[in-house]
Number of protein chains: 2
Amino acid sequence: MGELRPPLDALLLLLVDRMSGVIRERVEACGLSMPQAVALRYLEQPCPMRNLARAMRCDASNLTGIADRLEERGLAVRRLDPDDRRVKLLVLTESGLAMRAAIHRRISSDIAGLERLGPAERELLAELLWRVVRE
Amino acid sequence: MGELRPPLDALLLLLVDRMSGVIRERVEACGLSMPQAVALRYLEQPCPMRNLARAMRCDASNLTGIADRLEERGLAVRRLDPDDRRVKLLVLTESGLAMRAAIHRRISSDIAGLERLGPAERELLAELLWRVVRE
DNA sequence: TATTGTTATACTCTATAACTATA
DNA sequence: TATAGTTATAGAGTATAACAATA
């Protein structure tokens with residue numbers, strides 16, 4: 001029963017694979033597509049559509065449709081920017097803020113096999129990941 | 001300069017987010033879409049299209065198009081299953097095997113900020129992740 | 001009857017290019 | 001002239017439902 005441990009890179013890929021699947025499931029259980037959920041996450045504050053596109057690493061033309069669908073669902077609205085009349089600011093509604101929080105809550109809870117680690121091991125894992133992930 | 005360390009769940013989400021982006025970039029630099037690359041990864045051996053769809057967690061009807069495009073690129077071929085004439089086995093070509101290996105190589109190398117950890121710390125991280133990710 | 005792969009349909013995401021209204 | 005958002009277009013992924021061939 002001596003199961004061979006895969007190398008670190010394989011473990012990281014496995015982790016990403018599993019977590020991505022679970023995240024997608026939970027987001028779609030909330031009735032949103034992934035791009036819509038990602039947009040919500042970036043909309044902590046009113047944001048020009050152009051900036052949002054940059055943050056989401058997609059072409060600006062895509063944001064038209066994504067914003068349309070967020071508006072249709074009542075999760076966000078377009079607001080004119082008084083300082084530059086070319087710009088439209090995308091802003092979360094109350095409902096959008098609630099959805100954003102709900103998705104974050106669902107995604108952050110019950111992660112993978114984290115329950116198999118004790119408090120000290122989680123602390124250790126967090127320290128190591130912090131070193132890896134830090135800017 | 002005392003930067004606050006985010007909680008473990010946030011660190012894991014951050015890691016997944018970063019790695020997912022890099023993986024997508026590298027896959028698309030190889031000229032494939034993510035679903036095509038995932039299909040290649042699962043095609044270690046000839047595989048009925050139905051099983052592949054199950055593994056990829058998508059409807060079987062999607063595999064028709066994905067397999068079509070893999071065949072157009074000469075990366076895979078459909079082969080009849082002698083044991084069950086309803087079944088078509090998807091099989092990698094030589095070119096498909098090479099692409100599969102190339103993608104895996106590119107994805108596995110130079111991961112995120114892993115270079116910031118020493119050998120002992122990497123060993124520790126691998127042990128912890130193995131506990132988390134193990135079946 | 002049940003299953004495999006396909007087709008038809010509809011929706012979403014994706015990029016490119018052209019357009020408009022501002023700056 | 002440059003930029004912000006939109007539109008038009010085309011390709012790809014996604015699910016559902018219906019279908020032909022086979023079990």
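Numbered from 1 within each chain, the chains take letters A, B, ... in sequence-line order.
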> Does A:Lys88 or B:Cys58 map to a spot on DNA chain D nearer the 5' end, using the closest nucleotide for each?
Replying inline: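 Looking at DNA chain D, the more 5' nearest nucleotide goes with A:Lys88.
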> Given that B:Arg57 and B:Arg73 both sit by DNA chain D, which one's nearest nucleotide is further toward the 5' end?
Replying inline: B:Arg73
Nearest-Å distance, [atom1] ([X]) to [atom2] ([N])?
X       : N      : atom1 : atom2 : answer
A:Leu32 : C:dC13 : CG    : C1'   : 14 Å
B:Asp68 : C:dT7  : CG    : C1'   : 11 Å
A:Arg78 : D:dG5  : CZ    : P     : 10 Å
B:Leu52 : C:dT4  : CG    : C1'   : 14 Å
B:Gln36 : D:dT14 : CD    : P     : 10 Å
B:Glu72 : D:dG11 : CD    : P     : 11 Å
B:Leu80 : C:dT6  : CG    : P     : 11 Å
A:Leu63 : C:dA15 : CG    : P     : 10 Å

>> Taking 4.0 Å as the cut-off, does a side-chain nitrogen or oxygen of A:Arg79 come that near to OP1 or OP2 on D:dG5?
In response: no
> Taking only N and O in the side chain of B:Arg69, is any of them less than 4.0 Å away from OP1 or OP2 of D:dG13?
Replying inline: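 Result: yes.
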> The side chain of A:Ser33 lies closest to which of these nucleotides: C:dT12, D:dT14, C:dT6?
Replying inline: C:dT12
> For the side chain of B:Ile66, counting heavy atoms from C-beta on, which of C:dA15, D:dG5, D:dG13 is nearest?
Replying inline: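 Nearest to the side chain of B:Ile66 among the choices is D:dG13.
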State, yes or no, whether a side-chain contact exists between [X] and [Y] at a heavy-atom distance under 4.5 Å.
X        : Y       : result
A:Leu90  : A:Arg78 : yes
B:Lys88  : B:Pro48 : no
A:Trp130 : B:Glu3  : yes

>> Does atom CD (A:Glu115) have a neighbourhood of more than 12 heavy atoms from anything else shown, all under 6.0 Å?
In response: yes
> Going 5' to 3' along nucleotides 17-23 of chain D, which nucleotides have protein heavy atoms under 4.0 Å from the base (write B), which only from the sugar-phosphate (write S), and which from neither (write -)?
Replying inline: B----BS
> If each of A:Met34 and B:Asn51 is mapped to the nucleotide of DNA chain C with the nearest heavy atom, which maps nearer the 5' terminus, i.e. the 5' end?
Replying inline: B:Asn51
> Quick one: side-chain contact (heavy atoms from CB on, under 4.5 Å) partners of B:Ala39, sequence neighbours excluded?
Replying inline: B:Leu52, B:Met56, B:Ile66, B:Leu70
> Should the pair B:Arg5-A:Glu123 be classified as a salt bridge under the 4.0 Å nitrogen-to-oxygen rule?
Replying inline: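 Salt bridge between B:Arg5 and A:Glu123, a charged N being under 4.0 Å from a carboxylate O: yes.
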>> Taking B:Arg116 first and then A:Glu127, would you say they form a salt bridge - that is, a charged N and a carboxylate O separated by under 4.0 Å?
In response: no
